[in-house]
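See structure below.
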Amino acid sequence: MSSHSSQAQDAPRSPLTLATWNVNSIRARADRVIDWIGRSDVDVLAMQETKCKDSQFPYERFAEIGYEVAHFGLSQWNGVAIASRVGLEDVQTGFPGMPGFAKDPEAEQAGEARAISALAGGIRVWSLYVPNGRELTDRHYGYKLDWLAALRTYAEKQVTDDAGAQIALVGDWNVAPLDEDVWDMEFFEGKTHVSQPERDAFTAFADAGYKEITRGFTPGPGVYTYWDYTQLRFPKKQGMRIDFQVCSPALADRATEASIDREERKGKGASDHAPVIARFA
DNA sequence: ATGTCGTGGACGCCACGA
């Protein structure tokens, strides 16, 4: 049994608010993110697509408002972080067995900055940025499926080793699990995010005992977490639900509420994703 | 492809990724 899960299990339980948000560049979005944290009063915020190296992350902006940050960024692409005001211990970058990617199929497939985790407020929080997939025929699509399968293998082992493990797999999953999670299934015919293998890869976490806890509090149809910048998708209410909080059984039992802050998608300088917030008892 | 963003490199735009 890992020390992480027993630590989490033994930690005192107190109510906690956890949010996940693909910020699409923390440097371009720092003011909005800092303002939002102040307004929303979250204990822990998992961020994706920070689009910077560790040396470029605006740690001091978060420190000023009382949040520690663990960030994992290797270049201008990807980048994941966790901000917490309830402690941040035992940071891990990447998960065991995580596949890598390189343009050259013959080259070593190096790990990308798509997963970071820390123990925060007694919960093992993972901030995840699942590969996009691009096209069904693209090498990135196979990479995405392999990445999700490896994450599922890791996640399943955690709850097999410790049935009481408090684990949150939150982030941009880049999968729309149900038809109602996109505005028009005909538009998505033959595209990524809605293909059966991607949906099966997402459902596999439920088969391992995990539960996506935000949907039940924010039922569709027409409820989304992402709207493309192009084609006036947001004003036309043409979005996708692709950001989720997938929780281990013991943590899922503690979920008391969830919401999607679509107000944050409005106005100049908005990310193309909205924050997805959950409360645990 | 793009009623759009963000990044970096060598600009005053282009390529790339989403």
Side-chain angles (χ1 to χ4, degrees), chain A residues 20-36 46-58 61 71-81 99-105 107 109-115 127-145 147-148 170-177 181-184 186-195 198 201-202 224-244 261-276:
Chain A
T20 184
W21 191 7
N22 180 322
V23 296
N24 188 13
S25 173
I26 191 58
R27 287 176 292 174
R29 212 79 61 211
D31 287 348
R32 279 189 80 128
V33 172
I34 294 294
D35 287 351
W36 183 83
M47 291 167 273
Q48 300 84 39
E49 280 210 87
T50 56
K51 288 188 170 176
C52 66
K53 301 173 186 174
D54 292 346
S55 60
Q56 299 170 306
F57 192 93
R61 300 291 307 275
H71 177 258
F72 179 34
L74 299 170
S75 67
Q76 72 269 44
W77 308 124
N78 314 308
V80 282
F101 189 87
K103 272 186 181 166
D104 180 357
Q109 306 296 292
E112 299 183 307
R114 296 180 175 277
S127 179
L128 304 167
Y129 179 43
V130 176
N132 176 284
R134 302 191 184 188
E135 309 284 338
L136 297 179
T137 53
D138 196 294
R139 276 182 62 234
H140 286 90
Y141 180 71
Y143 171 46
K144 177 181 195 172
L145 295 177
W147 200 95
L148 283 166
V170 308
D172 178 356
W173 287 74
N174 269 319
V175 176
D181 295 336
V182 298
W183 80 90
D184 179 7
E186 280 187 31
F187 179 88
F188 283 88
E189 178 69 33
K191 293 190 171 70
T192 60
H193 294 69
V194 300
S195 73
E198 288 166 277
F202 187 84
Y224 308 124
T225 65
Y226 160 86
W227 300 259
D228 197 312
Y229 284 126
T230 69
Q231 309 290 337
L232 298 175
R233 294 295 184 212
F234 184 65
K236 290 180 183 169
K237 305 189 189 312
Q238 298 177 335
M240 306 170 74
R241 191 201 289 257
I242 54 176
D243 300 271
F244 296 105
D261 191 356
R262 71 182 293 286
E263 291 300 306
E264 195 52 44
R265 180 62 178 80
K266 296 179 179 176
K268 192 169 169 57
S271 169
D272 43 3
H273 293 252
V276 178

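Each chain gets a letter, A, B and so on, in the order the sequences are listed, and its residues count up from 1. Note that the coordinates shown come from a computational prediction; the quantities given were computed from them, not determined experimentally.
- Both A/Glu49 and A/Lys236 lie near DNA chain B, and the one whose nearest nucleotide falls closer to the 5' end is A/Lys236.
- Using a 4.0 Å heavy-atom distance criterion, A/Tyr226 is classed as making no nucleic acid contact.
- The backbone N or O of A/Ile34 lies less than 3.5 Å from no partner atom in the side chain of A/Arg61, so there is not a single donor-acceptor pair.
- With hydrogens and angles left out, the side-chain atoms of A/Lys144 and A/Asn132 include no donor and acceptor closer than 3.5 Å.
- Using P as the reference atom, B/dA10 and B/dT4 are 28 Å apart when rounded to the nearest Å.
- In this structure, A/Thr230 reaches the bases: a heavy-atom distance under 4.0 Å links it to at least one base atom across the strands shown.
- Using P as the reference atom, B/dG6 and B/dC11 are 23 Å apart when rounded to the nearest Å.
- Counted by atom type alone, A/Ser271 and A/Glu264 present zero donor-acceptor pairs between their side chains at under 3.5 Å.
- Ranked by how close their nearest DNA chain B nucleotide is to the 5' end, A/Phe187 and A/Gly133 are led by A/Phe187.
- For DNA chain B, the contact window with chain A, defined by any atom under 4.0 Å from a protein heavy atom, covers B/dT2 to B/dA18 in 5' to 3' order.
- In this structure, A/Arg29 contributes its side chain and A/Val23 its backbone to a donor-acceptor pair below 3.5 Å.
- Side-chain N or O atoms of A/Thr225 include one that pairs as donor or acceptor with a backbone N or O of A/Ile242 at under 3.5 Å.
- The side chain to side chain donor-acceptor pair (under 3.5 Å) check on A/Gln109 picks up A/Arg139, with sequence neighbours excluded.
- Residue-level contact check: A/Arg233 touches neither bases nor backbone, having no heavy atom under 4.0 Å from any strand.
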Please tabulate, for side-chain N and O atoms in residues 231-240 of chain A, each donor-acceptor pair with protein atoms closer than 3.5 Å (sequence neighbours left out).
unit_1, atom_1, unit_2, atom_2, d
A/Arg233, NH1, A/Gln238, OE1, 2.6
A/Lys236, NZ, A/Gln231, O, 3.3

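- Annotation: B/dG3 and B/dT7 have their C1' atoms spaced 22 Å apart (nearest Å).
- Using a 4.0 Å heavy-atom criterion, one finds that A/Lys53 contacts no nucleic acid atom at all.
- B/dA1 and B/dC13 are spaced 23 Å apart, taking the P atom of each and rounding to whole Å.
- Residue contacts shown for A/Gln48 are absent, as no nucleic acid heavy atom lies under 4.0 Å away.
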